[in-house]
Amino acid sequence: MQNNPDLYDLAIIGGGINGCGIARDAAGRGLKVVLVEQGDLAQGTSSASTKLIHGGLRYLEHYEFRLVHEALSEREVLLKNAPHIIWPLRFILPHNAELRPQWMIRLGLFMYDHMGGRKLLPATKTLDLTRDIAGKPLAAGYTKGFEYSDCWVDDARLVVLNALDAKQRGATILTQTQCIGANRQAEHWDITLKAHDQTYKIHAKGLVNAAGPWVDQLLHQVAQLPTTQHNVRLVRGSHIVVPKLYDHDRAYIFQNGDGRIIFAIPYEQDFTLLGTTDRDHDSSLDQVTIAEDEVDYICKAASEYFKNPITRDQVVWTYSGVRPLYDDGASTAQEATRDYVLKVSDQNGNLPLLNIFGGKITTYRRLAEDALHKLTTYYPEMKSAWTHDAALAGGNFGVGEVSELIERLQQEYGFLNATWARSLIRRYGTRAWDMLADAKQLSDMGQVFGATLTEREVYFLRDREWANSSEAILWRRSKLGLHMTPKERDYFTNWFANH
């Protein structure tokens with residue numbers, strides 16, 4: 001096989017969290033892997049989540065106990081492997097007697113505390129909201145609440161770090177490359193790719209369809225398999241970002257009268273993230289945006305709980321993503337399962353096609369393990385599972401050492417203030433030293449575009465992390481677009497296009 005550079009053990013279509021997670025795991029097991037992404041890594045659903053590593057408290061009401069158990073057990077695994085981009089977060093659940101009785105909430109939180117082998121994260125406790133600072137921004141009438149643990153994640157960076165690890169273990173990562181054909185031949189898959197108006201072929205012994213919302217499209221139009229079945233239900237989740245609504249560092253989970261919940265989460269130091277919605281998506285996947293009534297829904301739901309109403313004119317940014325949920329026939333979008341389904345088909349015991357339906361960011365690592373387990377018979381020399389205790393790039397330090405790392409970075413690079421040092425550690429962990437390298441003073445960082453974004457960091461993102469557009473840098477790799485003025489963003493977009 002090594003004599004043919006275009007023949008891979010495994011070709012993976014889709015550069016979201018599932019595709020990159022599988023690529024990393026497979027490369028670490030000794031397979032020759034290529035990953036193909038039509039746009040940027042995490043450009044779709046995987047950068048449009050609610051940014052949580054969580055068990056899914058509300059899934060208990062839908063009796064999805066296996067999913068909740070798996071997700072809860074993954075929280076601390078991921079936290080230990082990526083403490084720079086994942087960190088503990090406490091959630092406040094104000095009790096609303098009109099929606100759920102206290103005994104039901106206490107029972108649910110008891111199960112939540114004990115189902116996943118929690119060791120690092122603190123347990124649930126009851127709060128007197130008339131005395132705790134968490135009650136201060138809430139409307140009158142919310143006197144009792146419950147506080148429990150989950151984790152926050154920079155979702156787009158999680159995807160990139162998996163791709164980076166996969167590359168370091170030998171995988172080929174192709175972005176801005178479209179798969180336009182996939183056909184089984186006698187001994188391998190013929191896969192036709194298109195990049196920069198050029199088409200060419202690669203070959204693989206197995207194919208993974210991790211195309212997310214495009215999973216059915218790849219099956220029907222690209223692989224041209226004789227089926228018209230729709231396997232995924234496309235559900236849009238939208239979020240809004242507003243200036244910071246409160247001063248403490250905890251998040252809120254609010255129950256709505258329609259049975260849904262929304263979160264209010266501290267975001268990027270100066271903002272609050274509010275969301276999400278659950279709505280069937282039946283329009284184009286090329287440009288997924290929030291609908292006007294979704295903005296109204298989120299504002300209204302949050303205003304039921306906050307003392308000061310949330311209004312449309314407070315919104316500084318929105319984002320939306322389409323979740324490719326496995327179509328289990330649920331009557332409403334919010335009831336559709338968040339679990340994943342993996343299906344393998346082959347040709348006379350060879351040339352497998354593995355299709356990924358559904359999934360959530362919290363369980364991506366387990367999904368990758370399960371996917372490769374299903375492929376074991378096709379790759380008998382493949383090594384065993386290994387990612388459980390393997391740090392992602394930049395995450396080779398302890399969960400409790402983040403503050404120490406920030407302080408050391410600031411001491412070694414005196415031109416960084418505390419906020420800047422913190423944001424760099426939160427993006428890169430120990431890789432912050434790779435990015436800053438030999439810089440002695442601010443001028444060594446090159447042009448400053450605003451909000452601490454410098455020329456040196458831009459080139460680092462372009463050359464090391466496949467960031468090939470201003471959007472990728474401002475909104476996915478760094479989130480610094482939120483902190484820049486429209487004029488600064490426009491200038492940077494023009495500058496990047498010319499460089």
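Counting heavy atoms from C-beta outward, Tyr267 and Leu482 have side chains that approach closer than 4.5 Å. For the pair Asn81/Ile86, no side-chain contact is recorded, criterion being any heavy-atom separation below 4.5 Å from C-beta on. Within the 4.5 Å cutoff, side-chain heavy atoms of Leu41 are placed close to those of Leu35.
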All N/O donor-acceptor pairs, side-chain side in residues 188-195, below 3.5 Å, sequence neighbours left out:
residue	atom	partner	partner atom	Å
Trp189	NE1	Leu351	O	3.3
Trp189	NE1	Pro352	O	3.3
Asp190	OD1	His203	ND1	2.7

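Taking the six-membered ring for Trp and the full ring otherwise, His483 and Phe271 have centroids separated by under 6.0 Å. Aromatic rings from Phe460 and Tyr428 are positioned such that their centres are separated by under 6.0 Å.
Thr177 places a side-chain N or O within 3.5 Å of a backbone atom of Thr175 that can act as its donor or acceptor partner. Here the side chain of Arg456 pairs a donor or acceptor atom with the backbone of Leu436 at under 3.5 angstrom. The backbone N or O of Leu120 lies less than 3.5 Å from a partner atom in the side chain of Glu76, making a donor-acceptor pair.
Between Thr362 and Leu52, the closest heavy-atom pair is OG1-O, 3.5 Å. Taking both residues in full, the closest heavy atoms of Ala302 and Ile262 are given as N-CD1, 3.7 Å, listed atom of the first, atom of the second, then distance. Shortest non-hydrogen contact noted between Val222 and Ile180 is CG1-C, 3.8 Å. Ala451 approaches Met484 most closely through the heavy-atom pair CB-CG, 3.5 Å. In plain terms, the two heavy atoms of Ala42 and Ser47 that are nearest each other are O-OG, 2.6 Å.
Applying the side chain to side chain donor-acceptor pair (under 3.5 Å) test to residues at least two apart or on different chains, the pairs with a partner in residues 373-383 are Asp346-Tyr378.
A 6.0 Å sphere centred on CG of Asp197 holds no more than 12 heavy atoms belonging to other residues, nucleotides or ligands. The environment of NZ in Lys244 is crowded: more than 12 heavy-atom neighbours from other residues, nucleotides or ligands sit within 6.0 Å.
Between Tyr148 and Phe91, the ring planes lie parallel to each other; the angle is under 30°, not in the 30° to 60° tilted range. Note: Phe496 and Phe492 have tilted aromatic rings, judged against thresholds of 30 and 60 degrees for the angle between ring planes. Between Trp317 and Tyr319, the two ring planes are tilted [angle within 30° to 60°].
Separation of atoms OG (Ser469) and CZ (Arg462) is listed at 13.0 Å; rounding is to 0.5 Å. Going from atom CG of Leu367 over to atom CD1 of Ile22 covers 5.5 Å, rounded to the nearest 0.5 Å. One distance of note links CG of Leu161 with CZ of Arg157; it measures 5.5 Å at 0.5 Å rounding. Rounding to the nearest 0.5 Å places CD1 of Ile13 at 10.0 Å from CD of Gln38. Note that CD1 of Ile53 is 12.0 Å distant from CG of Leu72, once rounded to the nearest 0.5 Å.
A donor-acceptor pair shorter than 3.5 Å cannot be found between the side chains of Tyr364 and Asp25. No hydrogens or angles considered: a donor-acceptor pair under 3.5 Å links the side chains of Thr50 and His239. A donor-acceptor pair shorter than 3.5 Å can be found between the side chains of Ser149 and Arg90. Side-chain N/O atoms of Asp155 and Ser49 include a donor and acceptor closer than 3.5 Å. Side-chain contact annotation: Glu294 with Thr277, donor-acceptor N/O pair under 3.5 Å present. Between the side chains of Tyr297 and Asn256, a donor-acceptor pair is found at a separation under 3.5 Å. Counted by atom type alone, Tyr112 and Asp150 present one or more donor-acceptor pairs between their side chains at under 3.5 Å. At a cut-off of 3.5 Å, with distance as the only test, no side-chain donor of Ser320 or Arg279 sits close to an acceptor on the other residue.
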Item checked: Stepwise side chain to side chain contact (heavy atoms under 4.5 Å, CB included) test for Tyr326 and Lys343 -> CA-CA 12 Å; Tyr326 182 67; Lys343 294 185 179 181; 3.4 Å; yes
Next item on the list: Dump the intermediate steps for salt bridge (Lys or Arg N to Asp or Glu O under 4.0 Å) on Arg366 and Asp370, then the final yes or no.
Entry: CA-CA 6 Å; Arg366 290 286 290 273; Asp370 289 350; 5.2 Å; no
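Looking at residues two or more places apart in sequence or on another chain, you find no salt bridge (Lys or Arg N to Asp or Glu O under 4.0 Å) involving Asp434.
Screening Lys167, Arg431, Arg476 against Glu465 for a salt bridge (Lys or Arg N to Asp or Glu O under 4.0 Å) leaves a single residue, Arg431. The residue from Thr387, Leu375, Leu372 that alone fulfils the side chain to side chain contact (heavy atoms under 4.5 Å, CB included) condition with Arg29 is Leu372. Screening Leu325, Asp216, Asp327 for a side chain to side chain contact (heavy atoms under 4.5 Å, CB included) with Val232, the sole residue that qualifies is Asp216.
Judged by a 6.0 Å distance limit and a 45° cone about the ring axis, Arg477 is not positioned over the six-membered ring of Trp466.
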